[in-house]
Amino acid sequence: MTQYKIALLDGDGIGPEIMAEAIKILKLVSARNNITFILEHGAFGASAYFAHGNSFPEATKHLCDSADAILKGPIGLSHEESKKIPVDMQPERGALLPLRRRYNTFANFRPVYLPKNLAHFSPLKPEIIGNGIDFIIIRELVGGLYFGEKKTGVDATGKRFVKETLEYDEVQIERIARVAFETARKRKKVLHNIHKSNVLKSSVLWNEVVGEVGAEFPDVEIKHILVDAAATYLCLNPGLFDVMVMENMFGDILSDQGGGILGSLGLMPSACIGPDKAYYEPSHGSAPDIAGKNMANPYSMIGSVAMMLEMSFGMEKESRNVWHAMQSVFAQGYSTADLSKPGTEVKMISTNAFGDLVASELAKL
Ligand code: IPM
Ligand code: MN
């Protein structure tokens, strides 16, 4: 019998609640496909820091090393709470970036998807949404400003200063470009390359290498677009885009904007793929303000499971079934609190109820 070990990193805030719903789906998929998922939890994030003095403990590293895939919940605390943790141990710098670096998960896939019948969740007008929103952001995840050299200090005149560097080499650009072209080839064969080459030299090299890799994909059309203009078009005409590729920081910002045009970051799952290991996570934060209230939207966490089934375990059909199950729950008029105001026609449901409904829809497929 096929057996996969999955490391579950619940994380902080709403993490454990939405992870519990993802586990329901994993268990159902495992039972009906005769596959064993060995599910092991590992401490990670601020909760790990408070329990073990380390936001990415050694035991969690070993668990992740031995896992076939990693499912990770959101991490982080409110700005005030964060100050209780030394800067370098704060969960973003102390756990998440080291996780990305450890497994060199350079390719981050962030689908931005809303079918036409769910257009009411989006803040955009129906005429702008047209037939729905459906594109994917491919974000380089282990380079750029996030991982460049950093220096802080006081200069000769006594002024505090900071210096952070944006570095890429051609190999890093080439490998993400190749992933993007391959993705575009499987979709509409149009790739938007997002850059800022009118100012940044890093973008000049980026565009050059993207163009070179593009020569290997003559069937894919490349469209170069400045990052600021892309931000505008994401609001004015998201239908322009199908596959977008960009460096780390641009991808961080535009993918949140992607969540914004869907109506909530709660609709943003993601896959982070490295040469030997992949991990899956919602693109949003840990929402400490609603933690423990059973009101978070587990869609992005369950969607991350769907991406794992497809990308790590080759279970395309079950992956599609999970997506369909989630869409059909919404199509029946249900909504989680992030997507609708109370008092509107929707049937508002809890974290738990959403997971149960998805499981029962999935069981029908
Ligand atoms: C994301 C998050 C992270 C990032 C934070 C938590 C460090 O915002 O995955 O987009 O900036 O990459
Ligand atoms: Mn982000």
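Counting starts at 1 for both ligands and their atoms, in listed order.
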Peer 1: Below 30° counts as parallel, above 60° as perpendicular, anything between as tilted: where do the rings of His224 and His195 land?
Peer 2: perpendicular

Peer 1: Under 3.5 Å, is there a donor-acceptor pair between the side chain of Glu361 and the main chain of Ala363?
Peer 2: no

Peer 1: Does Leu96 belong to the same Ile/Leu/Val/Met/Phe/Trp/Tyr cluster as Phe109, with side-chain heavy atoms less than 4.5 Å apart forming each link?
Peer 2: no

Peer 1: Assess Lys277 against Tyr103: is NZ or CZ under 6.0 Å from the centre of the six-membered ring, and within 45 degrees of the ring's axis?
Peer 2: yes

Peer 1: Ignoring hydrogens and angles, tell me if any N or O in the side chain of Ser328 forms a donor-acceptor pair with the backbone of His324 under 3.5 Å.
Peer 2: yes

Peer 1: The Mn ion (ligand 2): which protein N, O or S atoms are under 2.8 Å away?
Peer 2: Asp252 OD1

Peer 1: As a test of reading the model: which residues have a non-hydrogen atom less than 4.0 Å away from ligand 1?
Peer 2: Glu92, Leu96, Arg100, Arg110, Arg139, Tyr146, Asp252, Glu281

Peer 1: Does one hydrophobic cluster hold both Phe313 and Ile302, with members joined at side-chain heavy-atom distances below 4.5 Å?
Peer 2: yes

Peer 1: Any salt bridge linking Lys163 with Glu149? Criterion: basic side-chain nitrogen under 4.0 Å from a carboxylate oxygen.
Peer 2: no

Peer 1: Think Arg101 forms a cation-pi with Phe106, using NZ or CZ under 6.0 Å from the six-ring centre and within 45 degrees of its axis?
Peer 2: no

Peer 1: Hey, what's the ring geometry for Phe217 with Phe181, parallel, tilted or perpendicular (30° and 60° as the breaks)?
Peer 2: parallel

